[in-house]
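One structure, pasted below without further comment.
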Protein chains: 2
Amino acid sequence: MSPARTYVHPDREDIALPRVLFALSEPLRLAMVRKLADEGEVDSVELGPDLPRSTLTHHTGLLRESGVVFVRAQGRKCMISLRTEDLAARFPGLVETVLAGYDADDAPAAGEDAK
Amino acid sequence: MSPARTYVHPDREDIALPRVLFALSEPLRLAMVRKLADEGEVDSVELGPDLPRSTLTHHTGLLRESGVVFVRAQGRKCMISLRTEDLAARFPGLVETVLAGYDADDAPAAGEDAK
DNA sequence: TTGATCGTGCGACTATTGTCGAACTATTAT
DNA sequence: ATAATAGTTCGACAATAGTCGCACGATCAA
């Protein structure tokens, strides 16, 4: 058999806060993480159906290298999942808090000035 | 009298999550926010005593424009404070969670492999 | 008023980032 | 084997970010 595609991931202890925050500071990537938190492991293409493949690879690679997601090859596709446990161990509550803020960001806070 | 220095700050509702995360993703700025959380309002120079002034202005300006800090002129100095209430209203727990992770990041978790 | 001090704005430079097409490799189906 | 498909890598490009010297305006002390 041929060497299947492999992916390098940082160890849990090596996940660094600034890099994680940077990864989450990009609207596209933040939306990806939102989807991953909602749906668990998904096919990479679901994270950006309209994006050029090379752009998608770029963002998933950045999320992987910063320790936010885990990537595994599945046939010719690749599956992406949040490193929920590692992130919770290292920065408890961070992802939850950020995603809560993400919702607040474009959810007009029902009954405030909602249209 | 002359027009005292004024600073533009985004309204609370206009504070955007990605910008906040980006502001916090820079180690220097993260350290600044850490100090602000600990000490309240401080003289800007305390946030980076060794930095060139123009570099310091750059970072405080970015923190201000992203809605993380409030800046006011005090004589010829300028005082910086965290916009704690605004941030808590918009992204509850975010700053606390991030700073908790910041501590975990360079505090070797006493008794682990601490030298 | 004069001079010292502090922050700001500008400009230059370098490094990083995001976007994307094109060529390449791996995997699957026929 | 051959063709089709999915992801990766590379290179180019524009945009953005970080650093810092320098000149300028504001502020305060004498």
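Predicted model, so just to flag it, every value in this text is computed and none were measured. Each chain gets a letter, A, B and so on, in the order its sequence line appears, and its residues count up from 1.
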Between C:dT19 atom C1' and A:His59 atom NE2, what is the distance in whole Å?
8 Å
Measuring to OP1 and OP2 of C:dT8, would you say a side-chain N or O of B:Arg76 lies under 4.0 angstrom away?
no
Rounded to whole Å, CZ of B:Phe22 lies from C1' of D:dA15 at a distance of 12 Å
Has the side chain of B:Ser54 got a donor or acceptor that lies under 3.5 Å from a partner of the other kind on the base of D:dG21?
yes
With DNA chain C as reference, determine whether B:Asp43 or A:Leu28 sits nearer its 5' end, using the nearest nucleotide of each.
B:Asp43
Between CG of A:Leu56 and C1' of C:dG21 the distance, given in whole Å, is 15 Å
Salt bridge or not between B:Arg90 and B:Glu13? Use side-chain N to carboxylate O under 4.0 Å.
no
Examine D:dT8: is either OP1 or OP2 under 4.0 Å from a nitrogen or oxygen in the side chain of A:Thr57? Give yes or no.
yes
Where the side chain of B:Pro52 is defined as all heavy atoms beyond and including C-beta, which of D:dA4, C:dG18, D:dC20 is the nearest nucleotide?
D:dC20
A:Arg5 side chain, from C-beta outward: closest of D:dA17, D:dT8, C:dG7:
D:dT8
B:Asp38/B:Arg34 ion pair, N-O < 4.0 Å
yes
What is the separation between atom CD on A:Gln74 and atom C1' on C:dA26, rounded to the nearest whole Å?
14 Å
Return the nearest nucleotide to the side chain of B:Tyr7; candidates are C:dG7, D:dA4, D:dG18.
C:dG7
Starting from P on D:dT8, measure out to CD on A:Glu65 and report it in whole angstrom.
11 Å
Among the clusters formed by ILVMFWY side chains lying less than 4.5 Å apart, do B:Leu56 and B:Val42 turn up in the same one?
yes
Between B:Phe22 and A:Phe22, how do the two ring planes meet: parallel, tilted or perpendicular, split at 30° and 60°?
tilted
Can you identify which nucleotide, out of C:dT8, C:dA29, D:dG7, has its nearest atom closest to the A:Arg53 side chain?
D:dG7
With a 4.0 Å limit, can you tell me whether A:Thr55 has a side-chain N or O closer than that to the phosphate oxygens OP1/OP2 of C:dC20?
yes
With the side chain defined as heavy atoms from C-beta on, A:Glu26 is closest, among D:dG18, C:dG18, D:dG7, to C:dG18
Between A:Cys78 and A:Tyr7, the two heavy atoms sitting closest are CB-OH, 3.8 Å
By nearest-heavy-atom nucleotide on DNA chain C, the more 5' of B:Val71 and A:Gly75 is B:Val71
Can you identify which nucleotide, out of C:dG7, C:dG18, C:dT19, has its nearest atom closest to the B:Cys78 side chain?
C:dG7
For the student: nearest non-hydrogen atoms of B:Arg64 and B:Pro10, plus distance
O-CD, 3.3 Å
Just compare C:dG18, D:dT5, C:dT8 and give me whichever is closest to any side-chain atom of A:His58.
C:dG18
Round to a whole Å and report the spacing from CG of B:Leu47 to P of C:dC6.
16 Å
Please work out if B:Leu62 contacts a base, only the sugar-phosphate, or nothing of the nucleic acid, heavy-atom cut-off 4.0 Å.
sugar-phosphate
Check the distance between D:dT8's P and A:Leu51's CG and give it to me in whole angstrom.
14 Å
What is the distance, to the nearest angstrom, from the NZ atom on A:Lys77 to the P atom on C:dT27?
15 Å
